[in-house]
Amino acid sequence: MSRKIPCIVLLGPTGAGKTRAALHLARNLPGEVVNFDSRQVYRDFPLITAQPTPEERAVCPHWLYGFLDTEEKLTAGGHVRKCHPVISAIQARGKTPILVGGTGLYLKALLQGLAEVPPVPQEVTLRLEQDLQRVGLAAMHERLQQADPELAARIHPNDKQRTLRGLEVYEATGKPLSWFHGKQEIHSDYHALLLGVQAALPALEPLLAKRIELMLEAGALEEARTAYARCQDPDAPGWTGIGCAELLAFLQGRLSLEEAKALWFRNTRAYAKRQLTWFRKTPDVSWFPHDDPLLPEKMFEQARSFLDGL
RNA sequence: GCCGAGGUAGCUCAGUCGGUAGAGCAGGGGACUGAAAAUCCCCGUGUCGGCAGUUCAAUUCUGUCCCUCGGCA
């Protein structure tokens with residue numbers, strides 16, 4: 001019907017069991033797994049970010065896991081650019097790409113594309129950060145109102161991140177970010193079947209708490225120590241992940257282990273909640289209850305008929 | 001036992017020169033186009049420790065009791 005690449009997407013909140021289902025699909029379709037999680041890309045935190053284990057990775061090729069240094073930053077656009085060749089290559093090998101992850105923006109960017117905004121030079125970003133320190137966020141938002149009224153109307157004056165993003169695009173290109181958004185054509189290189197692992201927050205809680213204990217037993221603290229030996233900057237992108245930040249605070253004596261664990265749990269839980277909010281409005285997802293023991297088989301069945309029907 | 005400081009939202013605390021109270025965090029809901037495990041928005045009735053007294057009116061002043069934390073014994 002089209003030249004779009006067929007692929008299976010596995011989405012859902014953290015800790016709901018996406019990996020298990022992904023491996024079943026990979027074995028039987030057969031397929032290869034591609035990550036769309038913004039944190040599982042960090043090399044120094046395989047355990048804390050819950051990347052697939054070496055045993056799990058042995059089942060089939062896994063892509064875009066654990067390749068980034070702690071100091072490095074990945075962006076939605078950067079991730080999409082890395083994904084395209086990986087997915088094409090999987091198709092060329094006659095396998096089915098299985099996209100697995102929890103970062104809603106990355107998935108959206110992958111499936112719908114992003115506006116084609118030229119890269120912003122770092123000095124522009126740095127200068128705006130300095131301006132912010134000098135004049136305050138309210139003044140920066142007013143500046144955005146001049147530069148890009150349409151965008152400013154959509155961005156809350158307290159939203160530092162989006163206000164600065166709007167300004168940096170304007171400063172770097174001379175055009176409003178909303179202009180780039182407006183001229184973007186929504187198109188997709190992929191024909192995707194979206195399979196969601198569904199889990200309500202109360203059901204997820206005990207699983208998330210348990211997972212933290214398991215991570216610590218498996219050596220999460222040692223992982224953090226080793227990472228700390230390589231990178232001491234607590235503001236480095238890799239350290240800002242949930243679990244990483246709390247363990248770092250413990251290693252630096254800012255929190256007791258009990259406090260760190262409690263905070264780690266709360267942050268994980270809040271994150272899962274945000275994921276649920278995001279994925280809830282994602283269209284065309286087939287949802288499967290996370291506690292169904294036959295979840296992998298049922299997902300496989302649906303994936304099979306999706307692929308056969310093309 | 002004595003002296004001091006406290007007992008206010010699930011937690012940490014602010015406040016009311018007497019007119020029944022509000023922040024942060026937690027929690028709930030939501031947004032989301034290159035930092036997204038990020039960033040941000042909306043949602044606050046709680047015997048203001050108990051009892052008594054003064055007062056038109058007490059969470060606020062007074063007395064007393066209970067509890068917590070320091071210090072001295």
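Every chain is numbered from 1 and lettered A, B, ... according to where its sequence line falls, protein lines coming before strand lines. The structure presented is a predicted model; accordingly, all values stated were derived computationally and were not measured.
- If you check every strand for non-hydrogen atoms under 4.0 Å, A:Ile155 touches nothing.
- Heavy atoms of A:Ala115 sit under 4.0 angstrom from at least one base atom.
- Within the 4.0 angstrom heavy-atom criterion, base atoms lie near A:Gln40.
- Of the listed residues (A:Leu11, A:Val34, A:Leu64), just one forms a side chain to side chain contact (heavy atoms under 4.5 Å, CB included) with A:Leu99, and that residue is A:Val34.
- You'll find a donor-acceptor pair under 3.5 Å spanning the side chain of A:Gln184 and the base of B:U33, going by distance alone.
- Counting non-hydrogen atoms under 4.0 angstrom, A:Arg266 reaches the backbone sugars and phosphates but no base.
- The side chain of A:Leu201 lies closest to B:G28 when the candidates are B:G28, B:A36, B:A38.
- Between B:A38, B:G29, B:C32, one nucleotide has an atom nearer to the side chain of A:Arg274 than all others, and that is B:A38.
- Side-chain N or O atoms of A:Gln232 include one that pairs as donor or acceptor with a backbone N or O of A:Tyr228 at under 3.5 Å.
- For the segment residues 225-242 of chain A, the set of residues with a heavy atom within less than 4.0 Å of an atom of RNA chain B comprises A:Thr240, A:Gly241, A:Ile242, in numerical order.
- Not one N or O on the side chain of A:Trp239 forms a donor-acceptor pair closer than 3.5 Å with the backbone of A:Ala227.
- Using a distance-only test at 3.5 Å, with no hydrogens or angles considered, a donor-acceptor pair links the side chain of A:Ser188 to the main chain of A:Leu111.
- Nucleic acid contact for A:Tyr106: sugar-phosphate only, since backbone atoms but no base atoms lie under 4.0 Å from a heavy atom of the residue.
- Listed pair A:Lys281 / B:C32 meets the phosphate criterion, a side-chain N or O lying under 4.0 Å from OP1 or OP2.
- Rounded to whole Å, atom C1' of B:A37 lies 13 Å from atom CG of A:Leu74.
- Spacing between atom CG of A:Asn158 and atom C1' of B:A38 amounts to 16 Å, rounded to whole angstrom units.
- Residue A:Asp37 is in base contact, counting any heavy-atom pair closer than 4.0 Å across all strands shown.
- Across all strands, A:Thr49 comes closer than 4.0 Å to base atoms (heavy-atom distances).
- Heavy-atom distances under 4.0 Å link RNA chain B to no residue of residues 246-260 of chain A.
- With distances taken from any side-chain atom of A:Ala76 to the nucleotides B:C32, B:A37, B:G34, the minimum falls on B:G34.
- Here B:G34 is the nucleotide among B:G29, B:G34, B:A38 with the atom lying nearest to any side-chain atom of A:Thr75.
- Within 4.0 Å (heavy atoms only), A:Arg269 reaches sugar-phosphate atoms of the nucleic acid but no base atom.
- Between A:Leu105 atom CG and B:U39 atom C1' there is a gap of 12 Å when expressed in whole angstrom units.
- Going from atom CG of A:Leu204 over to atom P of B:A37 covers 15 Å, rounded to whole Å.
- B:G28: glycosidic angle beyond 90° from 0, hence anti.
- The salt bridge (Lys or Arg N to Asp or Glu O under 4.0 Å) analysis of residues 219-241 of chain A, with sequence neighbours excluded, yields the pairs A:Asp44-A:Arg230, A:Glu222-A:Arg225.
- Comparing B:A36, B:G30, B:G34 by their closest approach to the side chain of A:Trp278 singles out B:A36.
- No hydrogens or angles were tested; on distance alone, nothing pairs the side chain of A:Lys273 with the base of B:G28 as donor and acceptor under 3.5 Å.
- Rounding to the nearest 0.5 Å gives a distance of 13.0 Å between CD of A:Glu32 and SG of A:Cys7.
- In this structure, A:Tyr271 atom OH and B:A31 atom P are separated by 17 Å, rounded to whole Å.
- We find that NE2 of A:His156 is positioned 14 Å from C1' of B:G30, with the value rounded to whole Å.
- Remark: the A:Arg165 side chain and the B:A36 base include no donor-acceptor N/O pair separated by less than 3.5 Å.
- Between A:Lys108 atom NZ and B:A31 atom P there is a gap of 11 Å when expressed in whole angstrom units.
- Note: CZ (A:Arg81) to C1' (B:U33) measures 13 Å, nearest angstrom.
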